[in-house]
Amino acid sequence: MTKDRARPLLELLIQINREVAAALDLRTVLQRLLFAALQNVGGERGSIVVLDDAGKPIDATIVYGKSLHEHTTQQLRETVDRGLAGWVIQHREAVLIPDTSKDERWLKRQDDSKEQSGAKSALCVPLLARDQLVGVLTLVHPAPNAFGPDHLELMQAIADQASIAVLNARLYTESSRQARIMTALADGAAIFSASLEVREVWQRVLNQTLQAMQVETVAIGLIEGVEGSIVFHAAAGHNAGGILERRVPGGKGLVGQVARDGHGIVISNVNEDKRYADIDRFAGIEAKAVAIAPIQSQGKIIGVLEAINPISKSFDADALTVMTGIGSLAGTTIRNAELFEQLQKAHERYRELFEESIDPIFITDWDGKIIEANREAIQLSGFKAEDLHRMSIDQLHEVKWNKVGIEFENLRERDGNVYESVLHKADSGTVPVEVHVRRVEFEDTESVQWTLRDISERKELDSLREDLTAMIYHDLRSPLGNIVSSLDVLNGMVSGDETTRSILNIAVSSTDRIQRLVNSLLDINRLESGQAIVSQQYVNPQVLIQTSIEDVKPSAAGRHQTIETKIAGKLPDVWVDADMMRRVLINLLENAIKFSKAETSIEIGAKKDGQWVEFWVRDTGPGIPSSENKRIFEKFVRAKGKNRPAGLGIGLAFCRIAVQAHGGNIWVESEEGKGAKFMFTLPVMDGKE
């Protein structure tokens, strides 16, 4: 190269270097470089494709005349894969094409037809910085043979001079993008967690996404229902109203795919992508490009975040990274806000139930200080609310410390406790109460709930029943004894008159039943008061069963019923009050006779089960509802149902108290309409078998 040519070239390169080195923004550097090349080398249009460290295209700038030209991702991909730029990238060599119509390396487009612009000439050179390929510079002239070797040499010199500036701009842009991503995510983490109100969290996520992605519209869709439908509850930006409450069936559309697979999607041109269907469109929004990312919480997809139409016409390479990061941050905050909202609603509901309860309820702290009382509690106690707040729960009623623990430790370890006590009223009166106490969450604080139910009516009824029981026992026992004695005398006086003897036997049987009832009432009172069983002896279970059957045979015969006995092998003796346990079996047999239909059979049996002997009586009656299985063993309680025989509800209560006093257990197995099987166990004492 002559000195005459070298000096202008040097000045040109210095000028170009100044222009491109003065900027750090990649797009600006590319535009300046391209305009300089067109101005000094010539040509109608040109392009620069920028590559990453792996040789993949990440950006491009195209100039037609003096105007920038938009390109699509598909066009860029075709140029690199099948065009002249792709050949230069692969071979890292500069190329001069005098006539594009005669060179297969030129990717012919519709514009290259003879009817339009026809054949052209082209130059394409690699941008090498420190032996690293950072891009490809291409110039096109509208006429064939317009470029020659000198043009190629000048263009290569310009490319060599500007390569470092392009690399630096690319690195700067990548760093800026990474910084923007980190800033967006850091800002998002701080902004999202600043509120726990669900709708405000949605709005914060939308605003942050709009700012970070620089798009026209963003929307949040959450997965709902067992079918996994996605419902868009929040949106912001252009025509966001057309998105709200839009429901997409589970697994359908792009949002369904993202929710199912957990991977985001970026579509740069929805018109060229078959994956984008009608189900993905929103009313009033003409989508051109979309980005969709999953919203995750604790490894579970709970929804999707969608960004529509970037303002810059195309998404950055890091768009999906930003969207995915925001989705992960948003998921945790959205889930926390939803849980907080559910908790708030639960607290509100508890407060409503607390005030509307028909039972008096007191709330205390773990020191027993009353912190809240509902209307019923104030009304029952007679104290004003402000007075109650200065009291402790043990001032209000007699706390059963053996139930709750001296420092309420039993309430911390168990679900709760129930006991009876006395409430001290403001007017110095007292009210018998049943206390239900348990640990609760009240106003975000672990507290103790005391429900004090007024049992005055029940106590009065119990007192009447006890008086009636005492009256029956004391007032009937003496005359009943006289009747029994008189019947014994008459039994000895009556000789062969069968009619008279039959009537006498009926009287004897009836008095025996009355005696058993009176004795059962006496045993209930005695055992409930804590008295021990005094007259126990070893008795063979088979003897108990046989003597019980003898006592009920007349009743069974009157209904044409048969009693079947099933005893499994030789049974060990049990240590019992023989009369008391005989009455237990008689009670169960009489119930079976009473509730079974005529001309049916009743089964009584026993078997050894470890250190226990298990007895049972099975009937063919109407059965007992499962809800009544425990209740029927309480005093003065009878099983519910139509056409059931009348009774006092004493028999099964006596059976329960008598069996438990002997250390055993009693229960019933039944199904409505299929009879009942009453069972109880008695222990084999002292290893005697």
Side-chain angles (χ1 to χ4, degrees), residues 184-185 187-189 191-225 227-260 264-268 270 273 275-297 301-316 319-320 322-338 341:
L185 297 181
D187 290 347
I191 292 170
F192 299 164
S193 61
S195 173
L196 279 176
E197 200 280 316
V198 172
R199 295 191 176 278
E200 186 174 345
V201 169
W202 290 346
Q203 194 59 50
R204 289 172 181 265
V205 173
L206 294 172
N207 292 341
Q208 186 66 12
T209 307
L210 277 173
Q211 181 179 349
M213 298 299 297
Q214 291 294 295
V215 291
E216 293 180 358
T217 312
V218 292
I220 293 174
L222 299 178
I223 299 175
E224 293 185 0
E227 72 281 1
S229 295
I230 296 176
V231 182
F232 286 88
H233 289 298
H238 178 67
N239 283 346
I243 298 177
L244 295 179
E245 302 311 317
R246 168 73 184 283
R247 180 181 293 269
V248 179
K252 302 296 183 180
L254 292 174
V255 292
Q257 179 183 334
V258 170
R260 182 184 64 246
I265 293 175
V266 173
I267 296 182
S268 298
V270 299
D273 198 309
R275 293 176 297 173
Y276 193 84
D278 288 340
I279 198 171
D280 298 303
R281 303 181 189 280
F282 296 108
I285 297 178
E286 183 182 352
K288 298 174 183 176
V290 297
I292 307 171
I295 297 177
Q296 302 187 55
S297 175
I301 308 298
I302 65 170
V304 295
L305 179 64
E306 182 167 353
I308 305 172
N309 295 344
I311 296 173
S312 62
K313 308 301 182 184
S314 63
F315 286 109
D316 291 337
L320 191 55
V322 175
M323 288 280 287
T324 303
I326 293 176
S328 297
L329 291 172
T332 301
T333 308
I334 289 173
R335 177 59 69 199
N336 289 341
E338 289 175 344
E341 186 175 79

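At a threshold of 4.5 Å between non-hydrogen side-chain atoms, the residues Ile267 and Leu254 count as touching. Side-chain contact between Ile265 and Gln257 is present, with at least one heavy-atom pair separated by less than 4.5 Å. Counting heavy atoms from C-beta on, the side chains of Leu305 and Ile292 never come closer than 4.5 Å. In this structure the side chain of Val231 reaches within 4.5 angstrom of the side chain of Glu245, judged on heavy atoms.
Across every non-hydrogen atom of Ala287 and Ile308, the tightest pair is CB-CG2, 3.9 Å. For Ala219 against Phe232, the heavy-atom pair with the smallest separation is CB-CD2, 3.7 Å. When all heavy atoms of Thr324 and Ala293 are compared, the closest pair comes out as N-CB, 3.8 Å. Residues Leu210 and Val215 approach most closely at CD2-O, 3.4 Å, considering heavy atoms. Looking at every heavy atom in both residues, Ala259 comes nearest to Ile230 through CB-CD1, 3.8 Å.
Between Arg247 atom CZ and Glu227 atom CD the span is 6.5 Å, to the nearest 0.5 Å. In this structure, the separation between NZ on Lys252 and CG on Asp280 is 12.0 Å, given to the nearest 0.5 Å. Rounding to the nearest 0.5 Å gives a distance of 4.0 Å between CG of Leu206 and CD1 of Ile220.
Remark: side-chain polar atoms of Thr217 are paired, donor with acceptor, to backbone N or O of His238 under 3.5 angstrom. In this structure a side-chain-to-backbone donor-acceptor pair under 3.5 Å is missing from Asp273 to Val266. A donor-acceptor contact shorter than 3.5 Å links the side chain of Asn309 to the backbone of Ala289.
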Where do Ile243 and Glu306 land on the side-chain contact (heavy atoms from CB on, under 4.5 Å) test, with the steps shown first? CA-CA 11 Å; Ile243 298 177; Glu306 182 167 353; over 6 Å; no
What's the verdict on side-chain contact (heavy atoms from CB on, under 4.5 Å) for Arg246 and Ile279, showing C-alpha distance, side-chain angles and the deciding distance? CA-CA 10 Å; Arg246 168 73 184 283; Ile279 198 171; 4.0 Å; yes
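Every residue meeting the side chain to side chain donor-acceptor pair (under 3.5 Å) condition with Arg281, not counting sequence neighbours, appears here in chain and number order: Asp278. Residues satisfying the side chain to side chain donor-acceptor pair (under 3.5 Å) test with Ser297, not counting sequence neighbours, are none. With sequence neighbours excluded, the residues satisfying side chain to side chain donor-acceptor pair (under 3.5 Å) with Asn207 are Gln203.
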